[in-house]
Amino acid sequence: MIIIFGPPGAGKSMQGQMLAADHDWRWLSTGQLFRDSHDPEVHELMRRGELINDELTNKILANALSHIGDVGNVILDGYPRHVGQAEWLLNHLKEHNQRLDVVVILKVSDQELASRLQTRGRADDNQANIAKRSSDYEIKTKPVLDYLRQAGVIIKEIDGEGSVETVHERLESTVQACLPK
Ligand code: AMP
């Protein structure tokens, strides 16, 4: 398993999907699972930029992991969002036959993030909600990195700016260097 990490607008989903497509791996995004959900409460929380509760989030992820089959590698995007979720993940990897190989952080300047979020046009990209998601990232999500590092997980950071293709190449070589031979 590879975790793509970074603030809203860093390009996690685009890069995660490209990496998955190149290798026939599976891109697994909790945000996408929620966008595909038929639960009106989930859509209301997403519209407000609020995190969905852990019980539901962990359930939706566990369900996706248990149906994943033999896909070589899973690219996880949008999870874990806080230390409690990181703990859940480490405790449940084994039962889903997964091993966490690397976390790759996409580093993008605040200015570039703001401009990307303005032009992305996703339904939940409005000013109030972007501010909420960005502050959640700073306060709740970033501590996940220290937690995972202390648990022995390899954490790499790459420059997430430049063309989509350039970032893709950086991601590809970073991931390849961290996968077991
Ligand atoms: P994303 O596509 O990762 O930006 O996620 C879109 C929205 O889905 C978020 O703003 C949250 O409302 C919800 N969401 C996605 N992943 C999680 C998660 N790991 N925990 C809680 N809520 C999440």
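As the structure is a computational prediction, the values presented were derived from the model and not from experiment. One-based numbering, in listed order, for ligands and for the atoms of each.
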Per-residue contact class, Ile52 against ligand 1 - non-hydrogen pairs under 4.0 Å: both

Closest non-hydrogen protein atom to atom 14 (N) of ligand 1, residue and atom name please, with distance? Phe34 CD1, 3.6 Å

Given Lys12, Met46, Arg122, Glu50, identify the one with the heavy atom nearest to atom 4 (O) of ligand 1. Arg122

As a check for students: among Lys140, Arg133, Arg81, identify the option with a heavy atom nearest to atom 5 (O) of ligand 1. Arg81

Under 4.0 Å between a Lys/Arg side-chain N and an Asp/Glu carboxylate O for Glu55 and Lys59? no

Electrostatic pair Arg133:Asp125 at N-O distance under 4.0 angstrom: yes

How are the rings of Phe5 and Tyr137 set to each other: parallel, tilted or perpendicular (split at 30° and 60°)? tilted

Backbone or side chain, does any N or O of Thr30 fall under 3.5 Å from an N or O of ligand 1? yes

So is Arg35 polar-close to ligand 1, meaning N/O to N/O under 3.5 Å? yes

For Thr57, the ligand 1 atoms with a heavy-atom partner under 4.0 Å come out as 18 (C), 19 (N), 20 (N), 21 (C)

For ligand 1, which atoms sit closer than 4.0 Å to a heavy atom of Gln85? 18 (C), 19 (N), 20 (N), 21 (C)

Just by distance, do the side chain of Asp124 and the backbone of Arg47 share a donor-acceptor pair under 3.5 Å? no

Check: Glu50 main-chain N/O paired with Asp136 side-chain donor or acceptor under 3.5 Å: no

Does atom CE of Met18 have more than 12 heavy-atom neighbours from other groups under 6.0 Å away? yes

